[in-house]
Amino acid sequence: LSSGISVDPQNPVIIDTSKKPNVTEVVSLTENGIYAPGDTIQICVKFSEVVIVSGVPFLSLDVGQGEIGIAEFVSGSGTRDLIFNYIIEEKHISLDLDYVDIHSLQVGKDGVFEGSIKHASTVPIVDANIQLVNPGKPGSLAASSDIMVDSREPYVISLWSLQSRGKYCVNDIISINIQFSAPITVSGEPSILLETGLIDRYATFVAQL
């Protein structure tokens, strides 16, 4: 830190090298909620100063059962907010998504060289402090957001018909509803095999509510 290099005391040029960027908060830009494999969670790492990124930094996430999820840097160099994308994979599970530990933010690689996150300047040379607060503490991902990761396979929780009890004849249509434990996406033409006497029949899929 220099008091100034200008000869004009009324207009000093101040040089301050004491400000080293540090992480102030990690938040989810994706809405709080429950997410499944294939969903993308966007995470923002906020710094106290503007930073310049080289390479592809990443954030290690605790996704249960010894698994680690990786959120990769996608944008934000030249700002205080670095954006990372995490794509949920099978077997990932978390009741309240957070990173692994205080060293979960890594600079990654820039080609064959180590990447960097540096204090923005004409020629960036000062490394940012990328240590995070402890998981679960104020400023952590879990403390600032409420993201649940559920990779369990959806299962049938109920099956019923909207028709009233009674006798039905040839060409009558009977609607059957199935409720799953989680939202699903249907492709193709699923069917249900019904016990209909000597010859069993199929109920075919027509719509998703």
Is the backbone of [Y] close enough, under 3.5 Å, to the side chain of [X] for a donor and an acceptor to pair up by distance?
X    : Y    : answer
E195 : G197 : yes
T79  : D81  : yes
S181 : P154 : no

Do you know which two heavy atoms are closest between [X] and [Y], and how far apart they sit?
X    : Y    : answer
V53  : G55  : CG1-O, 3.9 Å
S161 : S175 : OG-O, 2.9 Å
Q42  : T30  : N-OG1, 2.8 Å
K137 : A143 : O-CB, 3.2 Å
V107 : I130 : CG1-CD1, 4.0 Å

Would you give the length of the straight line joining atom [atom1] of [X] to atom [atom2] of [Y], rounded to the nearest 0.5 angstrom?
X    : Y    : atom1 : atom2 : answer
L141 : D98  : CG    : CG    : 5.0 Å
N85  : E72  : CG    : CD    : 9.0 Å
S54  : D110 : OG    : CG    : 4.5 Å
I41  : S145 : CD1   : OG    : 10.0 Å
I70  : S60  : CD1   : OG    : 4.0 Å
R80  : E49  : CZ    : CD    : 5.5 Å

Go through the steps to decide whether F47 and V45 satisfy the test side-chain contact (heavy atoms from CB on, under 4.5 Å), and finish with yes or no.
CA-CA 7 Å; F47 282 84; V45 177; 3.8 Å; yes
Under a 3.5 Å threshold, yes or no: a donor from one side chain and an acceptor from the other, between [X] and [Y]?
X    : Y    : answer
S158 : Q179 : yes
N22  : S48  : yes
H92  : Y35  : no

ring-ring contact (aromatic ring centres under 6.0 Å, His included) partners for F73, two or more places apart:
F84
Return yes when atom CD1 of I87 has more than 12 non-hydrogen atoms of other residues, nucleotides or ligands closer than 6.0 Å, and no otherwise.
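Open: at most 12 neighbouring heavy atoms sit under 6.0 Å from CD1 of I87.
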Is it true that atom CD1 of I173 has more than 12 heavy atoms of other residues, nucleotides or ligands lying nearer than 6.0 Å?
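Atom CD1 in I173 is not packed in, count stays at 12 or less.
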Consider only side-chain heavy atoms of I, L, V, M, F, W and Y, link residues closer than 4.5 Å, and tell whether L61 and V133 are in one cluster.
yes
Taking it one step at a time, do L105 and F58 satisfy side-chain contact (heavy atoms from CB on, under 4.5 Å)?
CA-CA 6 Å; L105 178 58; F58 63 90; over 6 Å; no
In chain order, what residues pass the side chain to side chain donor-acceptor pair (under 3.5 Å) check against D62, with sequence neighbours excluded?
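D62: no side chain to side chain donor-acceptor pair (under 3.5 Å) contacts found.
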Please set out all donor-acceptor pairs under 3.5 angstrom arising from side-chain atoms of residues 200-209, sequence neighbours excluded.
residue: D200; atom: OD1; partner: T196; partner atom: N; Å: 3.4
residue: Q208; atom: NE2; partner: I184; partner atom: O; Å: 2.6

If you apply the rule side-chain contact (heavy atoms from CB on, under 4.5 Å), what do you find for I147 with I43, and how did you get there?
CA-CA 11 Å; I147 301 295; I43 298 169; over 6 Å; no
